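These numbers come from the heavy atoms of this one structure, side chains and all, not from hydrogens, waters or symmetry mates. Since this is a predicted model, take the numbers as computed values, not measurements. Just so it is clear: chains get the letters A, B, ... in the order the sequence lines come, proteins before strands, and each one is counted from 1.
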Number of protein chains: 2
Amino acid sequence: MSGQQRTRVDTVFDGIFDLILSGEIPLGGVVNEATLAERFKVSRGPVREAVKALQGRGLIVKEPYFKARVVDLDVKDMIEIFQLRESVEGMSVKLATRAMSDESMNRLLHDFEQAGGNGRVLDLHVRIAKECGNRRIESLLCDELYYLLRLYRARSGSTPGRHDNASAEHWQILRGMKSRDAELAESLMRAHIARATAALQRLLDTDTANANAPAPAQPRRERKESEA
Amino acid sequence: MSGQQRTRVDTVFDGIFDLILSGEIPLGGVVNEATLAERFKVSRGPVREAVKALQGRGLIVKEPYFKARVVDLDVKDMIEIFQLRESVEGMSVKLATRAMSDESMNRLLHDFEQAGGNGRVLDLHVRIAKECGNRRIESLLCDELYYLLRLYRARSGSTPGRHDNASAEHWQILRGMKSRDAELAESLMRAHIARATAALQRLLDTDTANANAPAPAQPRRERKESEA
DNA sequence: GGCTGTAAAAGTGTCAACACTATCAGCCAT
DNA sequence: ATGGCTGATAGTGTTGACACTTTTACAGCC
């Protein structure tokens with residue numbers, strides 16, 4: 001009675017996803033149905049459905065009869081995502097602070113003492129989202145936004161100079177959660193993400209300033225997808 | 001050639017969507033590919049892709065080799081959606097208050113003076129989401145959550161006794177926006193939605209209380225996935 | 001009579017071929 | 001030579017048929 005039947009669509013979905021995350025298909029790159037079908041040894045049908053699903057998840061953009069392309073994330077997109085995260089993750093940590101059992105809380109704290117800030121930055125955010133008890137918020141954060149974040153960071157490293165502060169802010173949030181002060185934890189989380197947003201905003205400002213003066217910015221011409 | 005090419009998948013997508021909204025396919029009802037294909041005079045391929053898209057948007061749930069079903073929203077789902085809305089719409093109105101031009105703001109106020117609270121309740125929320133300048137938030141609210149709300153309300157009328165209060169709260173929010181107090185508008189919006197959430201919570205409590213005590217005939221539910 | 005195993009039916013998953021649309025190269029007129 | 005037109009080419013949209021899985025019905029057995 002094991003449920004997961006893993007149809008070919010799922011396989012192709014994960015396959016394309018990996019190709020995008022690994023950068024084999026670059027951001028903004030073309031997604032060719034026939035090529036992918038041959039690569040995964042399936043017909044074009046499953047590929048089409050997988051692409052449709054990726055499209056629904058926002059990783060691929062496409063218009064009828066036009067080539068599908070991987071989403072091309074710029075700083076402006078990231079700011080929009082961070083504004084959304086600021087609100088949703090605030091709620092996420094508030095709900096988690098109220099919903100988590102004492103043992104879950106202790107386990108969370110223990111894991112992060114162990115890691116000592118080594119783990120990837122998103123780990124705490126994922127962990128909180130999974131504990132908040134609201135499946136829709138969990139899905140929004142874990143299944144949609146965090147993938148886009150990973151995609152963006154894979155291309156252009158996370159904003160410099162943030163990492164040291166971020167770790168301290170994470171510990172503040174954890175302390176707020178431990179003391180069961182849901183509103184405090186929410187405020188801290190929102191401030192935490194708002195600071196990152198501000199960093200992105202500064203990056204955008206300098207970028208546009210640079211883009212205005214020298215103006216070598218070639219419009220992104222079609223990037224050929226290199227086949228392996 | 002400028003207009004969207006409207007492929008058959010889009011047509012079928014909208015068609016199924018209308019069938020769900022109109023209740024012709026009830027909540028939790030089965031979505032049969034062959035039947036729909038014949039109804040819309042197309043092959044099963046476009047139907048499959050449309051169903052996949054609906055699935056990505058959360059209106060249809062489905063496991064491999066099992067029949068696809070329209071999502072069955074209960075009060076608990078609605079509470080989760082409202083918790084999400086409380087955070088996101090707070091951000092939405094905050095951003096809109098800052099981003100809207102004076103003329104947009106005046107037009108908004110004028111339209112709602114004209115309507116005098118007649119318009120459907122969601123109109124103001126939609127309007128604000130479309131003005132917030134963050135396309136991702138706009139899409140989340142308008143393209144995902146509001147459809148689910150309409151679906152739920154179509155089945156079980158909105159929580160009674162709320163409408164009169166809601167109108168007053170809407171005007172408060174509008175006044176906050178007009179005075180360009182983004183934080184105030186955010187607080188008012190969050191409180192506005194939190195009150196609706198609380199009403200849903202009370203509904204859930206009485207429901208479960210009733211379900212526990214009398215223990216009436218077995219719910220004739222067809223196989224529903226049970227979550228832990 | 002109730003239960004189990006098996007076969008038919010219904011429904012979903014996949015495929016390969018065909019139809020339609022956009023893109024690009026080359027040709028003609030200006 | 002330049003700009004627009006016209007075919008060839010590549011890629012997407014659609015289809016009907018076939019393979020696999022689940023569900024249902026029925027016969028045999030306890």
In whole angstroms, the gap separating P of D:dC20 from CG of A:Asp10 amounts to 18 Å
Whole-Å distance, B:Arg69 CZ to D:dT22 P, equals 16 Å
Below the 4.0 Å mark, does C:dT14 have OP1 or OP2 next to a side-chain nitrogen or oxygen of A:Thr7? yes
From CZ of B:Arg6 across to C1' of D:dG13 the rounded distance in Å is 15 Å
The complete set of salt bridge (charged side-chain N to carboxylate O under 4.0 Å, His left out) pairs with one or both residues in residues 74-84 of chain A, sequence neighbours excluded, reads A:Lys76-A:Glu80, A:Asp77-B:Arg135, A:Glu80-B:Arg135
The ring-ring contact (aromatic ring centres under 6.0 Å, His included) partners of A:Phe40 (sequence neighbours excluded) come to none
When rounded to whole Å, the CZ to C1' distance for the pair A:Phe13 and C:dT14 reads 19 Å
Check: Heavy atoms under 4.0 Å, any strand shown: does B:Gly45 hit a base, just sugar-phosphate, or nothing?
Finding: base
In whole angstroms, the gap separating C1' of C:dC18 from CZ of B:Arg8 amounts to 13 Å
The complete set of salt bridge (charged side-chain N to carboxylate O under 4.0 Å, His left out) pairs with one or both residues in residues 19-30 of chain B, sequence neighbours excluded, reads B:Glu24-B:Arg39
In B/S/- notation (B base, S sugar-phosphate only, - none; protein heavy atoms under 4.0 Å), nucleotides 5-12 of chain D written 5' to 3' is ------SB
By ring-ring contact (aromatic ring centres under 6.0 Å, His included), A:Phe66 pairs with (sequence neighbours left out) none
From CZ of A:Phe40 across to P of C:dT14 the rounded distance in Å is 14 Å
Those residues at least two apart in sequence (or on a different chain) that pass salt bridge (charged side-chain N to carboxylate O under 4.0 Å, His left out) with A:Glu144 are none
Looking at B:Tyr147, I'd like to know if the NZ or CZ of B:Arg150 sits under 6.0 Å from its six-membered ring centre while staying within 45 degrees of the ring's axis.
no
